[in-house]
Amino acid sequence: MKRIPQHPKPSLAETTGPRYWRSLDELSETPEFQEYLEREFPGGASELNGIDRRHFMKIMAASFALGGLGFSGCRRPETHFLPYAKSPEQVIPGVPTHYASAMPVRGEAIPVIIETHEGRPTKVEGNPSYKPYGGATDLVTQAGLLDLYDPDRAMLHRSNGRTLPRAELDDLLAGLGSDYSSRKGTGLAFLAEPSTSLTRRRLVDQLKKDLPKAIWAEYDALGDDGGEIAATRLLKRTARPQYAFARAERILSLDADFLQTEVGHIRSSREFADGRRVEDTHGKMNRLYQVEGHLTVTGGMADHRLRLATSQMLGVAIRLATDLGLSVDDAPEGAAEALEAHAEWIATCAHDLETHRGRSLVVAGRHLPAEVHALCFLINQHLGNVGQTVTFVGLPDIQGVSLAELAESIRTGSVETLVILGGNPAYNAPVDLDWTALQKSVGNVIRHGYYNDETSEAADIHIAATHYLESWSDARTADGTIVPIQPMILPLFDGLTEAEFLGRVLGLQTPDPYSQVFETLSAELKGADPEKAFRRLLYDGLLEDSGYKESRKSISASAVAKFLAEAKVRAGPSSENLEVRFVGDYKVDDGRYANNGWLQECPDPISKIAWDNAVLVSPRLAREIGIEPGNSMVQVARKDPNPGEDGRLKSPMVEVTVGGRTVGGPAVIQPGLENYTIVLPLGYGRSKTGRVGKGAGFNAFAVRDSRNLYSASGATLSLTGATKVVANTQEHWSMEGRAIVREANLEDYHAHPEFVDHLGMESHSPPIYGKDKDLPLPERIIDTPKGNSLYEHPTFDGTHQWGMTIDLNTCTGCNACVVACQSENNIPIVGRDQVRRGREMHWIRLDRYYSSGSTDNREIPEDPQISIQPINCQQCENAPCEMVCPVNATVHDSEGLNVMAYNRCVGTRYCANNCPYKVRRFNFFDYQQRQLNKLYQGPLAPKGMPELLQMAQNPDVSIRMRGVMEKCTYCTQRIEKAKIARKVEVQDSPDVAVPDGTFKVACEQVCPTRSIVFGNILDPKSRISEMKQSNRDYSLLGYLNTRPRTTYLAKLRNPNPEMPDAGRMPLSRVEYENKNHVGAPGENHGGDNDHGDHEAATEGGHHG
Amino acid sequence: MSKIFPKWSNRLPLLIVVFVFLLAGAVTSGITYYFTPKYTRIGYTPQQPVPFDHSLHAGELGLDCRYCHTFVEKSAHSNIPTSETCMNCHNQIQTQSGLLNPIRESVKTGDAVPWVRIHQAPDYVYFDHSVHVNRGISCYSCHGQVNEMNVVSHAKSHSMAFCLDCHRAPENHIRPLDQVYNLDWSAGSKSKQVDQGLEKVESWSIKPPQSCSGCHR
């Protein structure tokens, strides 16, 4: 019998009160959004486009006929076992081997453990031995694996259009070194990316010795670090600040996205979350003040957020210094004065920082100019934070000259041979350098790169590089700890590592990368036997106590004053003087990951756009330039009453002109931006890339010049009249129902510890667990007749009962779990077109809600607050999906998992229809069977995912075919593996329960903030049991009596009541109470609502 | 009308019904017999590139199963021995035998010997050898009397029902851990097997999974 979840209709007060909204469509209640709510899949997702029924029948008939022909092949085909001829060391067929390595990224390396199956790397995990990261990784590290198997990577060494055999290549490189050695390197130039590798450093030092006249330049489009420049000048040695968020109770961040894009962000996230984690009712929380122009992931976590353009950060720092009693007489005129309107905000914040001396922290974004950093250092020193929450660490000296200097040498004609190692300057160099032309003007350009990209196109010789998973190398983490990089697999396409490249140019005896890395690292290792010590290092994956040394010099106020005297003041943005902010994209960075399908398909954490970038504009700017239809409010999509194409968000195309150059792209209204700041995410619009990155977005590098690398003033914006459909997932999978996200202020939580029970429908309906509410958790799960419901329920007699909690208080919305899950569970990418139709396959999604204190839902709030909620399959005990499956393909197991037997599924999609959480995903096409550019072909199309891509698949998880439903399984393969390992271990003992902490599920393992906890609820000592006992624990849509095994811990915010903007932002508990308390008591609608209120008051009284 | 339809045609509807029932019955029983693993798999005895004789090696010579299938206790997959494993003994005995040429060739070139697969679980079934052999299920229960086979053949059906029979009543197959690789072991009688089986199921806490998640991922 089908059970239909009945959502009560919202009361009038609810629809008119302040509320949470995911998109502008939801806010204005457009018919399109209503449709999203009512459907299991977005409109268009379930329809066959372009094929009518008759045509469909024809195809089906043809395929049946073909099936009939196949009957002759009914005999069992003979298949073969191909065992190894020689027994390889350490390989047990069927058991994965794990190796420690590290993924080099900007300014650091992420220590990782790689899972390999018979020599094939399939999954990247963080290395838990590296304590600051504790086994966590991020979005990009997870997706890095896919690049190894990219069928569009450079597979051949090429010279002027001809394939270069390896022997010739070796001769070429050796010849390069010997040719120039007589001239001491005159005419030879190298351009590389900055690197933390010690081997590279050693080789470059030798290069400078052997070829002293050769130019060594380094360039990274987003590599500038104002903090490093300031620290280096103030401390008179190469240094950079390092922040310890663990000790910071009050944090002021100036335009710093320290939770997502800064160097060492995994550690920052981890420590920041630890400072926010509230274990019991009396828990303390840190407080984050964020001043920013863009809306970043960090901004989403802020307790107070001030929207100011990037150009105004100097003013904020000066004001702050003045408020704290520091003398800043040399500060340039006008910067602080422009911020008169925010004087109180800054002063109150300064006061809060001052009352937490030594436990506060002021942090500025890397991209900000050095003077802002210098002033922040002085402020931190004044607050007693240096040595506490901020330290300065000495770095090795910078070896390279800048790109501009190299460009100058090329222009003067002193470069004959240019060697470009990595990077992609032809795409991302500042536009005023006109790099491509410059590069072409050099006689001989040799490019060593992973892709055949824009830079290779303008080079004479392209040499294929290796992936880090194929390389011997070494690197340093954000705090300087030395980590080895070891290959998991031989180079798939005979690529060359950077170390070998340089080694061959230098004519070393043993240019192979292993010997070089061994040579470098054995100098760092102690112990008599370097071989043994090296093996130990490879096993551990890091060298203890090898971090950068702390510098204890103090910052002198006079040196900072000198800095300030040089500072330039920029006028704040206004409607005539728009400010452009260039940001590295959260996913593709500066374009280097543009051909990575996992990253392209992952929605942006804040804007929720996948596969493209967009010109982000504030609601006010949008209104002013006329991106809003006549007298209707808000909506981009509403301008056209019939948005046409697939019913998806149609964005107007705009042109942004800055510094005389123009770039065009779709405009998307992003609430939370500074009113006159336009945000241009970099990294898209690649002109030469693979099949995945082709045609994604527009290239914002086209307007980025070397004077304004991160923000530029004086921009103009105009509508072109055209529109573009952007793949925006923000409305997909919308759920109807109240109090989905629950939150309160810390103080309010102290007063009402049980507040989550009084939000949402549960406060009006009979208690779900009835009189068993207070039973111990395990009993409640196993024994309680399921909420007196009439339906038959599975018996939970398994050894374990699995469950999960997600702490909304610490989740930053970084999206690492989305890609980790994709990698672990063989989730296909579906492409831009399918995402537009709402067919993305991610098993875990992050719902991003906006809310503002306003009750006027006709205006887009300019400054909303953000709440993030990760949603995966809730593993309901009374699962609505199971009741409607006609073939028993989705059933419950004895350990509480809602399991999916793919081979039984016939694809009716009834389950998705009946799922109130909308977590079920359907394979509309054979995504796993097709070439990347032919994902949408029908059943008769030629099969064949590139073999290379198949290698990325996890052999422990089934590949789902077209027509099959799938969803989060709680990583059932990991559960089974742990259970089997336990049984193998205990042999004939009855102690088969898997101890807590033996294994982690993929999303839990990757989470930098430890927000996701998974485990056995039957074990009263397990972490999960502890979490579920929290009074902030609530079930999503709990009133449906689905009894989800995944529960959420309500979000808390910690605003400062003295701040001028305190109380302006919503605090869902209070709003919820107010909303349900409209009008005089005794009015008609008061019935149930009074109940909620009453209970809240009395309960609160008891506990508070 | 009787000219067109003779009298006997009055019985036609009944005959048709009976015929349809008979036909359906025949088709059903035919399919259940001929199209299920019991018929299609049992007895499958392909010719191997090297006529390895289990009855000689495992039976007469008494080699333990784990001498060749080394990782059966550790891995989900019970490995087929590498060519080097064969050569451990055969570099001493039968060094000139032509039958072993493919093995010698393989060791020399590094290419695999293409052994023909006999037992094959579908891709969506994640069977794990290690958990079975470490918890008292013998090779015999699924592979039969291999130590008496000259040429290995498929002895049991390996259908899902075959798996579930045992998962529902493990006492019929469970045996002492030190007898797992002794293919000749027997408890004595059916009732003795069940008695000692039940005792082990109880004291080892044997709860074989019967939900989908046990084998399908």
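For clarity, every value in this text was computed on a predicted model and none was experimentally measured. Residue numbering restarts at 1 for every chain, and letters A, B, ... go by the order of the sequence lines.
Remark: the A/Thr972 side chain and the B/Ser213 side chain contain no N/O donor-acceptor pair separated by less than 3.5 Å.
Checking side-chain atoms of B/Glu84 against main-chain N and O of A/Ser87 turns up a donor-acceptor pair under 3.5 Å. Of the possible donor and acceptor atoms, none in the side chain of A/Thr79 sits under 3.5 Å from a partner among the backbone N and O of B/Arg117. Using a distance-only test at 3.5 Å, with no hydrogens or angles considered, a donor-acceptor pair links the side chain of B/Ser75 to the main chain of A/Pro93.
Chain B forms the most heavy-atom pairs under 4.5 Å with one residue out of A/Leu82, A/Asn903, A/Ile975, A/Asn825, and that residue is A/Asn903. The candidate from B/Pro114, B/Gly214, B/Pro46 with the greatest count of non-hydrogen atom pairs under 4.5 Å with chain A is B/Pro114. By number of non-hydrogen pairs under 4.5 angstrom with chain B, the leading residue of A/Thr799, A/Asp991, A/Thr969 is A/Thr799. Top candidate by heavy-atom pairs under 4.5 Å with chain B, chosen from A/Ala981, A/Ala901, A/Gly94, A/Ser989, is A/Ser989.
In this structure, B/His216 NE2 and A/Glu976 CD are separated by 11.0 Å, a value rounded to the nearest 0.5 Å. Atom NE2 in B/His119 sits 9.0 Å away from atom CZ in A/Phe81 (nearest 0.5 Å).
Residue A/Arg904 touches chain B through its side chain alone, counting heavy-atom pairs closer than 4.5 Å. Using a 4.5 Å cut-off between heavy atoms, A/Val95 touches chain B through backbone and side chain atoms alike. Only the backbone of B/Ile118 comes within contact range of chain A, with at least one heavy atom under 4.5 Å from a heavy atom of that chain. The parts of B/Ile80 that come within reach of chain A are both its backbone and its side chain, each placing non-hydrogen atoms under 4.5 angstrom from that chain. Of the two parts of B/Gln210, neither the backbone nor the side chain holds a non-hydrogen atom closer than 4.5 Å to a non-hydrogen atom of chain A. Both the backbone and the side chain of A/Asp988 come within contact range of chain B, each with at least one heavy atom under 4.5 Å from a heavy atom of that chain. Residue B/Pro81 touches chain A through its backbone alone, counting heavy-atom pairs closer than 4.5 Å. Contact annotation for A/Tyr84: both backbone and side-chain heavy atoms come within less than 4.5 Å of a heavy atom of chain B. The parts of A/Asp956 that come within reach of chain B are both its backbone and its side chain, each placing non-hydrogen atoms under 4.5 angstrom from that chain. Only the side chain of A/Val992 has a heavy atom closer than 4.5 Å to any heavy atom of chain B. Proximity to chain A (any heavy atom under 4.5 Å) is restricted, for B/Val113, to the backbone atoms N, CA, C and O.
Counting all heavy atoms, side chain and backbone alike, B/Val107 lies closest to A/Lys86 at O-NZ, 3.2 Å. Counting all heavy atoms, side chain and backbone alike, A/Pro83 lies closest to B/Ala112 at O-CB, 3.1 Å. Taking each heavy atom of A/Ser894 and B/Ser211 in turn, the nearest pair found is N-OG, 3.4 Å. Nearest heavy-atom pair, B/Arg217 versus A/Ile980, reported as atom, atom and distance to 0.1 Å: NH2-CD1, 4.3 Å. The two residues A/Pro990 and B/Ser205 have their closest heavy-atom pair at O-CB, 3.4 Å.
Taking the side chain as every heavy atom from C-beta outward, A/Asp893 and B/Pro209 never approach each other to under 4.5 Å. Counting heavy atoms from C-beta on, the side chains of A/Val984 and B/Glu73 never come closer than 4.5 Å.
The 12-atom threshold is exceeded at CD of A/Gln987, counting heavy atoms of other residues, nucleotides or ligands nearer than 6.0 Å. Surrounding CG of B/Asp123 are at most 12 heavy atoms belonging to other residues, nucleotides or ligands under 6.0 Å away. Dense packing is recorded around CG of B/Leu23, with more than 12 heavy atoms of other residues, nucleotides or ligands lying under 6.0 Å away.
Annotation: residues 126-159 of chain B contacts chain A through B/Tyr126, B/Asp128, B/Ser130, B/Val131, B/Asn134, B/Arg135, B/His154 [non-hydrogen atoms, separation under 4.5 Å].
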